[in-house]
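Written out below as structure tokens is the structure these notes cover.
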Amino acid sequence: MKNPKSQQLTIYNTLTGQKERFEPLNPPYVGMYVCGPTVYNDVHLGNCRTFISFDVVFRYLQHLGYKVRYVRNITDAGHLENDADEGEDKIAKKARLEQLEPMEVVQRYTVGFHRIMERFNVLPPSIEPTATGHIVEQIQLIRKILDKGLAYEVNGSIYFDVKKYMESEPYGELSGRNVDELIAGTRELEGQSEKRSPLDFALWKKASPTHIMRWESPWGEGFPGWHLECSAMSTKYLGEQFDIHGGGMDLKFPHHECEIAQCKAANNKKPVRYWMHANMLTLNGKRMSKSTGNTLLPQEIFSGQNAFLSKPYSSAVVRFFILQAHYRSPLDISDEALQASEKGFRRLMEAKETLSHLKAGTVSDWDVQSAMARVYEAMNDDFNTPVAIAELFEIVRYINLMKAGEQHLCEKDLTELKDFFHRMVEDVLGLKDEQRSMLDTARLDAVIQVLIDMRQKARQDRNYALADQIRDQLLKAGIQLKDTKEGTTYTLL
RNA sequence: GGUUCUGUGGCCGAGUGGCUAGGCAGAGGUCUGCAAAACCUCGUACACCGGUUCGAAUCCGGUCGGAACCUCCA
């Protein structure tokens with residue numbers, strides 16, 4: 001384990017409501033499962049927040065030296081639209097609407113999802129299994145639950161028997177639900193319900209004649225229930241018990257509750273040691289919702305084509321903005337907030353660039369070791385990225401002071417800081433200056449240097465009109481010159 | 001209606017019993033040919049009303065906002 005300060009990582013476990021020391025089941029291996037997207041539509045920003053949050057978890061665990069198997073599924077089998085619908089599948093419905101094959105819809109949105117994730121610099125998971133690719137495993141899981149007597153068949157559909165399950169196991173422990181209250185609060189379904197109790201949930205649904213996505217099963221043609229895929233695939237790839245399960249807050253109930261029940265019913269084991277839930281993202285203080293028009297797609301932010309923001313923002317800025325809040329806090333996105341983050345992000349990136357050119361002094365006259373330790377302390381405290389970033393900004397101040405020659409680090413400390421800063425910013429937080437990296441920097445450097453030299457000559461000749469013209473026109477082109485004691489450098493805005 | 005969470009300075013957002021969060025914006029200063037950048041200094045915030053405590057933004061109760069879930073949803 002290469003934890004520089006040998007501090008202990010703690011994780012807030014939704015199941016217990018407490019921060020707990022993270023101790024993997026089989027160190028150095030860590031199994032992590034995160035509920036992925038349903039690919040019947042464009043990913044929206046809220047999804048992205050969740051995946052960015054868990055991307056940092058994945059990256060930090062790796063940084064600490066753990067060997068992580070990160071599984072994030074693609075829900076391509078679709079979920080039921082509603083009970084009254086007798087099994088219309090979201091993907092099937094969309095397919096009919098657009099005259100496409102279901103798998104064509106799935107393909108299109110899966111590719112779109114991957115593109116967005118890549119732009120956000122979200123690492124691909126170790127395994128990205130699809131629900132449709134694991135029908136066999138899901139059927140096996142249903143069989144196991146049936147054999148235990150914890151599910152029942154009605155007209156070719158299989159339902160999980162919550163009441164029976166509760167005779168031996170608690171239901172609702174993750175979400176703090178009281179089952180009696182839940183039943184009391186259940187509205188009467190229109191039409192007939194095959195379920196014995198309103199809390200029962202489908203493991204397998206019989207396909208109606210119009211249902212396009214259907215598979216053979218021991219109970220006739222049908223499709224898997226809403227919650228089954230995650231249980232089947234997490235068990236397959238991570239085992240009956242694994243370390244971390246993540247997802248958005250809204251999945252706590254019923255989805256994750258059902259997952260726990262399914263796994264416990266099948267394997268008699270608590271499937272997950274640490275449950276993690278990321279909070280919601282709101283837009284201008286309100287939840288995003290298509291019906292009210294209060295939505296924002298990632299590509300609409302990048303392009304600036306939207307009704308909420310004054311200008312486009314890069315994916316790196318949005319990622320930075322998201323990491324400036326803790327994953328368990330609600331976060332509100334707005335133009336002002338993004339502008340502030342954009343400035344802060346540039347400051348951080350500038351400092352990173354500055355640091356790479358710094359020369360060592362003979363002695364260190366500031367405490368770089370404890371500065372770095374504070375960043376780790378923050379990350380170890382339930383992945384507290386906002387505090388980690390705040391601590392990085394403290395280091396930024398020193399970087400700028402060192403550039404000005406007012407602070408120094410010895411060779412060893414400077415080398416360590418350079419390595420640390422790069423790894424923390426780029427590898428762990430996943431922040432990189434995409435503007436800079438997309439350019440042919442060597443050639444641009446040479447071109448700008450010509451202009452810098454010309455301006456310098458003009459200044460020496462006291463031809464300030466020309467000097468300022470060069471400076472101002474470059475600024476208009478998004479290139480800002482910076483005069484320092486060591487000479488002039490430039491920044492891309 | 002029920003469950004869970006939340007309300008912090010101009011904005012965003014950490015903190016959760018006594019001690020500077022941080023970013024952005026704003027004011028003053030240093031530097032500069034002038035600027036910009038950078039650095040230094042400056043804000044005495046914690047929805048409201050009670051209570052516990054030597055001491056509360058932080059704990060408890062109530063009131064009023066906001067969010068999620070209870071129905072597919074990150």
Side-chain angles (χ1 to χ4, degrees), chain A residues 14 17 34-38 40-41 43-54 75 78-85 89-90 172 175-178 181-182 184-187 189 199 226 246-255 257 277-282 285-290 320-321 324-326 328-348 350-351 354 374 378 381 384-394 396-401 403-404 406-407 459 462 464 467-468 471-472 475 480-485 488-491:
Chain A
T14 316
V34 171
C35 291
T38 304
Y40 67 89
N41 229 322
V43 249
H44 78 88
L45 253 194
N47 278 295
C48 296
R49 180 187 186 191
T50 299
F51 299 135
I52 288 170
S53 298
F54 286 105
T75 297
H79 284 170
L80 287 173
E81 196 98 89
N82 59 54
D83 279 8
D85 214 354
D89 184 297
K90 274 187 176 170
S175 52
R177 301 299 156 121
N178 177 305
E181 282 168 2
L182 278 173
T186 312
R187 51 151 200 225
L189 294 168
L199 290 189
W226 326 339
M249 286 265 250
D250 48 352
L251 293 182
K252 247 160 110 174
F253 188 89
H255 183 61
E257 209 71 74
H277 289 95
N279 216 316
M280 302 291 112
L281 183 71
T282 55
K286 290 186 197 132
R287 74 161 299 188
M288 292 198 208
S289 145
K290 257 178 254 163
F320 178 72
F321 164 75
Q324 271 188 302
H326 186 75
R328 280 191 289 116
S329 300
L331 175 63
D332 187 56
I333 191 166
S334 64
D335 194 48
E336 269 186 307
L338 281 173
Q339 265 182 35
S341 284
E342 184 171 57
K343 293 257 181 75
F345 178 69
R346 294 248 55 87
R347 183 169 150 85
L348 186 64
E350 279 311 306
T354 302
R374 281 196 294 275
D381 183 13
N384 198 330
T385 53
V387 171
I389 289 171
E391 296 297 348
L392 286 172
F393 274 114
E394 280 305 303
V396 165
R397 217 179 84 236
Y398 279 102
I399 289 172
N400 288 325
L401 283 168
K403 186 188 184 187
E406 289 172 37
Q407 295 282 338
R459 290 172 79 192
R462 297 187 172 264
Y464 294 125
D468 291 353
R471 181 178 71 196
D472 296 344
L475 188 62
Q480 182 178 60
L481 297 186
K482 295 177 170 184
D483 296 327
T484 70
K485 285 185 179 129
T488 301
T489 59
Y490 75 95
T491 315

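In what follows, chains are A, B, ... by sequence order, proteins preceding strands, each numbered from 1. All figures in this text were calculated on a predicted structure; none of them were measured in a lab.
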* To do: Taking side-chain contact (heavy atoms from CB on, under 4.5 Å) as the test, write out the residues that go with A:Lys482, two or more places apart.
  => A:Glu350, A:Gln480, A:Thr489, A:Thr491
* To the nearest angstrom, how far is A:Leu331 atom CG from B:G13 atom P? -> 6 Å
* Structure fact -> Looking only at heavy atoms, the pair that brings A:Cys35 and A:Leu251 closest together is CB-CD1, 3.6 Å
* Asked: Using the P atom in both, what is the distance from B:U41 to B:U53, to the nearest Å?
  -> 41 Å
* Side-chain donor/acceptor of A:Arg49 to backbone N/O of A:Asn279, under 3.5 Å -> yes
* Whichever of A:Ile333 and A:His44 has its nearest RNA chain B nucleotide further upstream toward 5' -> A:Ile333
* Structure fact -> Nearest-nucleotide check on RNA chain B, A:Thr50 vs A:Lys482; residue mapping nearer the 5' end is A:Lys482
* Side chain of A:Asp250: nearest nucleotide among B:C73, B:A21, B:C12? -> B:C73
* Could you check A:Ser341 against A:Gln324 for side-chain hydrogen bond (donor to acceptor under 3.5 Å, both in side chains), going step by step and ending with a plain yes or no? => CA-CA 8 Å; A:Ser341 284; A:Gln324 271 188 302; 2.7 Å; yes
* Asked: Hey, does A:Ile333 have a side-chain heavy atom less than 4.5 Å from the side chain of A:Leu45?
  -> yes
* Assign A:Ser329 to base, sugar-phosphate, or nothing according to its heavy-atom contacts below 4.0 angstrom with the strands shown. => sugar-phosphate
* Asked: How would you list, by chain and number, every residue that makes a side chain to side chain donor-acceptor pair (under 3.5 Å) with A:Asp483, sequence neighbours excluded?
  -> A:Arg455, A:Thr488
* Which nucleotide, B:G33, B:C39, B:A74, lies nearest any side-chain atom of A:Arg471? -> B:G33
* Asked: Rounded to the Å, how far apart are A:Arg328 CZ and B:A14 P?
  -> 10 Å
* To do: Taking all heavy atoms of A:Ala378 and all of A:Ala388, pick out the closest pair and write down the distance.
  => CB-N, 3.4 Å
* Structure fact -> Taking B:A21, B:A36, B:C34 as options, the one with an atom nearest any side-chain atom of A:Asp468 is B:C34
* Which nucleotide, B:G13, B:G33, B:C69, lies nearest any side-chain atom of A:Ala325? -> B:G13
* **Stacking of A:Phe51 on B:A74 base (centres under 5.5 Å, planes under 30°)** => no
* **Interatomic distance at C1', B:G26 relative to B:G9, whole Å** => 13 Å
* Return the value, rounded to whole Å, for the distance between atom CZ of A:Arg49 and atom P of B:G13. => 9 Å
* To do: Any chance you could measure A:Leu348, atom CG, to A:Phe320, atom CZ, to the nearest 0.5 Å?
  => 5.5 Å
* Asked: Quick one: A:Glu391 CD to B:U20 C1', roughly how many Å, whole number?
  -> 11 Å
* Asked: Rounding to the closest angstrom, what is the interatomic distance between B:C40 and B:C24 at atom P?
  -> 12 Å
Under 3.5 Å between N/O atoms: give me all the protein pairs with nucleotides 23-32 of chain B, atom names plus distance.
| residue | atom | partner | partner atom | Å |
| --- | --- | --- | --- | --- |
| B:A25 | OP1 | A:Lys343 | NZ | 2.8 |

* To do: Have a look at A:Leu281 and say if it touches a base, only the backbone sugar-phosphate, or nothing, with a 4.0 Å heavy-atom cut-off.
  => base
* For A:Gly46, answer base if it contacts any base atom (sugar-phosphate contacts may also be present), sugar-phosphate if it contacts only those atoms, and nothing otherwise; contact means non-hydrogen atoms under 4.0 Å. => base
* Asked: Is there a side-chain contact between A:Met280 and A:Asp250, using heavy atoms and a 4.5 Å cut-off?
  -> yes
Would you tabulate the pairs of protein nitrogen or oxygen atoms and nucleotide nitrogen or oxygen atoms of nucleotides 65-67 of chain B closer than 3.5 angstrom?
none

* Atom pair distance, as rounded to whole Å: CZ in A:Arg346 and C1' in B:A38 -> 16 Å
* **Whole-Å distance separating the CD atom of A:Gln480 from the P atom of B:A38** => 8 Å
* Asked: Looking at B:A38, B:A14, B:G13, which one has an atom nearest to any side-chain atom of A:Val387?
  -> B:A14
* Structure fact -> Taking every heavy atom of A:Asn400 against every heavy atom of A:Arg347, the minimum-distance pair comes out as ND2-NH1, 4.2 Å
* To do: Could you tell me whether A:Pro254 contacts a base, only the sugar-phosphate backbone, or nothing, with contacts defined as non-hydrogen atoms closer than 4.0 Å?
  => sugar-phosphate
* To do: Identify the heavy atoms of A:Ala278 and A:Phe54 that sit nearest to each other, and give their distance.
  => CB-CE1, 4.1 Å
* **Distance below 4.0 Å between A:Arg397 side-chain N/O and B:G22 OP1 or OP2** => no
* If you look at every heavy atom in A:Ile399 and A:Ala351, which pair is closest and at what distance? -> CG2-O, 3.6 Å
* To do: Just grab all the salt bridge (charged side-chain N to carboxylate O under 4.0 Å, His left out) pairs involving residues 329-340 of chain A, residues at least two apart or on different chains.
  => none
* Asked: Rounded to the Å, how far apart are A:Leu401 CG and B:A38 P?
  -> 12 Å
* Asked: Roughly how far apart, to the nearest Å, are B:G22 and B:C39 at atom P?
  -> 13 Å
* Asked: Which ranges of RNA chain B pair up as stems, where a stem means three or more consecutive Watson-Crick or G-U pairs with both distances under 3.5 Å?
  -> B:1-7 with B:64-70, B:10-12 with B:22-24, B:26-30 with B:38-42, B:47-51 with B:59-63
* To do: Indicate, with a heavy-atom threshold strictly under 4.0 Å, whether A:Leu481 touches base, sugar-phosphate, or nothing.
  => base
* Are any of A:Asn41's side-chain N or O atoms less than 4.0 Å away from OP1 or OP2 of B:C73? -> no
* Asked: Within this structure, what is the CG-to-C1' distance between A:Leu348 and B:A38, rounded to whole angstrom?
  -> 15 Å
* Asked: Within the structure shown, what part of the strands sits under 4.0 Å from A:His277 by heavy-atom distance: base, sugar-phosphate, or nothing?
  -> nothing
* Under a 4.5 Å cut-off applied to non-hydrogen side-chain atoms, are A:Asn384 and A:Pro386 in contact? -> yes
